[in-house]
2 protein chains.
Amino acid sequence: MVRWEPDTRERLREAALDLYTAKGYADTTVAEIAASVGVTERTFFRHFADKREVLFNGSDVLQEQFVDGVASAPAGTAFEIVMHAVLSAVTFFPEERRPYSRRRQAMIVANPELMERELNKMAGLVAALGAALRERGVVEPEATLAAESAVTVFRLAFEEWVAPSSTRTLAEIEQSLFAALRSLAR
Amino acid sequence: MVRWEPDTRERLREAALDLYTAKGYADTTVAEIAASVGVTERTFFRHFADKREVLFNGSDVLQEQFVDGVASAPAGTAFEIVMHAVLSAVTFFPEERRPYSRRRQAMIVANPELMERELNKMAGLVAALGAALRERGVVEPEATLAAESAVTVFRLAFEEWVAPSSTRTLAEIEQSLFAALRSLAR
DNA sequence: ACACTGATGTCAGTTACTGACATTAGGAGA
DNA sequence: TCTCCTAATGTCAGTAACTGACATCAGTGT
């Protein structure tokens with residue numbers, strides 16, 4: 001019977017954020033991250049496609065949440081469906097995870113390379129959401145426009161949610177942004 | 001009196017797209033690009049921050065067009081102002097540049113690294129547009145939402161404009177997308 | 001016992017990118 | 001004309017991200 005050890009993958013993820021925080025993203029080498037959990041650099045690259053990807057683990061799970069949210073939404077307009085999906089996905093960000101999200105997001109916004117990757121993940125969300133909408137019979141260009149709008153709202157809401165002074169819940173922020181978006185195109 | 005030679009920068013830009021097209025982006029080294037115009041690799045990196053940036057030259061000019069478009073828009077809602085800005089910027093994409101844009105965009109969508117950079121440039125447009133709107137007194141969150149929406153419309157319109165079968169003008173596509181967006185949030 | 005599978009180690013190699021310093025060409029002014 | 005200055009480039013050594021190929025090894029099912 002051996003002492004329990006978390007996944008190598010998970011340990012790499014934690015070590016990476018710790019090191020990025022301590023020394024800065026650019027000044028941290030992949031070799032250091034690997035060494036700090038007792039594996040080789042090669043192993044790191046077997047778990048993560050590149051040095052950036054280690055910070056973007058949950059993104060596929062979030063994507064599923066969005067897609068499920070579309071599938072489970074009651075009948076309605078494209079806009080109502082994506083609103084439902086985005087608001088459902090808030091369960092992915094419970095209050096106790098806010099400190100972690102803050103740390104991670106601070107790292108991302110401070111490093112253009114990471115921000116690029118973040119934007120890329122958001123584009124993935126848009127693609128998945130758009131596909132889910134088309135699955136439900138929404139046609140172009142409404143499917144893509146609704147998907148884009150929804151992810152934009154989600155992203156802006158998330159950014160405010162992790163802002164240092166923010167106290168509102170993610171769902172509240174999202175709702176006010178959806179409302180503002182509605183009245184924009186008036 | 002010497003034979004006229006275009007900028008080293010411009011020649012690198014052309015050579016890069018040619019080589020990327022001929023051998024593929026990943027299989028082209030920066031050293032090859034540099035050698036093909038008779039300079040060293042180091043010189044390439046003095047002109048372009050990295051291997052991707054060489055395909056994103058005009059983006060700052062486009063950004064200025066957007067900002068100018070906001071400044072020159074008649075009084076109106078945030079939505080009307082960004083519509084004016086986006087529609088003004090079509091002069092940046094005359095019909096004769098469509099073949100070049102098609103080539104370039106095909107290269108970008110085929111390479112995730114390049115797509116990431118593209119998304120990053122779009123985020124730059126959003127930021128500039130948002131700032132220009134705030135300059136005109138538009139407040140948050142309307143400024144950011146309008147900027148995001150406008151750049152989304154521009155991007156989707158551009159993608160359709162460079163699609164192989166597309167014949168409509170960029171302005172036409174943009175107008176129909178703005179209209180669709182308007183009726184989305186109804 | 002044996003084969004198989006999945007995760008890891010090892011190692012050599014490529015290439016993007018950077019810093020430091022040298023060189024050169026052309027223009028402005030003494 | 002000589003000289004200084006600046007901008008662009010060359011040279012060179014170095015770092016670190018990433019990859020492919022192959023070996024090892026522990027566990028698992030048969």
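Letters A, B, ... are given to chains in the order of the sequence lines, protein chains preceding strands, and every chain is numbered from 1.
- Taking 4.0 angstrom as the limit, B/His47 places none of its side-chain polar atoms (N or O) nearer than this to OP1 or OP2 of D/dA8.
- Protein atom CZ of B/Arg42 is 19 Å distant from nucleotide atom P of C/dT15, rounded to whole Å.
- Atom CZ in A/Phe48 sits roughly 13 Å away from atom P in D/dC18 (whole-Å rounding).
- Judged by closest nucleotide on DNA chain D, B/Thr40 is the one of B/Thr40 and A/Phe44 placed further toward the 5' end.
- Annotation: cation-pi geometry satisfied between B/Arg97 and B/Phe92 (NZ/CZ under 6.0 angstrom from ring centroid, within 45° of ring axis).
- Protein atom CZ of A/Arg117 is 14 Å distant from nucleotide atom P of D/dA17, rounded to whole Å.
- Rounded to whole Å, the distance from CZ on A/Arg9 to P on C/dT8 is 10 Å.
- A cation-pi contact, defined as under 6.0 Å to the ring centre and within 45° of the axis, is absent between B/Arg52 and B/Tyr25.
- In this structure, A/Glu41 atom CD and D/dA17 atom P are separated by 6 Å, rounded to whole Å.
- Candidate nucleotides C/dC17, D/dC12, C/dT15 were compared by shortest atom distance to the side chain of B/Thr29, and C/dT15 ranks first.
- Rounded to a whole Å, the CG atom of B/Asp50 is 13 Å from the P atom of D/dC18.
- Annotation: cation-pi pair B/Arg9/B/Phe48 present, NZ/CZ under 6.0 Å from the ring centroid and within 45° of its normal.
- Residue order along DNA chain D, read from the 5' end via each residue's closest nucleotide, puts B/Thr43 first among A/Arg52 and B/Thr43.
- Contact of B/Arg46 with D/dG10 (side chain to base): a donor-acceptor pair of N or O atoms is detected under 3.5 Å.
- For the pair B/Phe45 CZ and C/dT18 P, the computed distance is 7 Å after rounding to whole Å.
- If you measure from atom NZ of A/Lys51 to atom P of C/dC17, you get 13 Å, rounded to the nearest angstrom.
- The A/Thr8 side chain lies nearest to C/dT8 when the options are D/dA17, C/dT8, D/dT9.
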(request) Determine, step by step, whether A/Asp18 and A/Arg103 satisfy the salt bridge (charged side-chain N to carboxylate O under 4.0 Å, His left out) criterion, reporting the C-alpha distance in whole Å, the side-chain angles of both residues, the deciding distance to 0.1 Å, and the verdict. (result) CA-CA 10 Å; A/Asp18 286 345; A/Arg103 238 182 108 203; 2.7 Å; yes
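- In plain terms, the two heavy atoms of A/Leu181 and A/Phe79 that are nearest each other are CD2-CE1, 4.1 Å.
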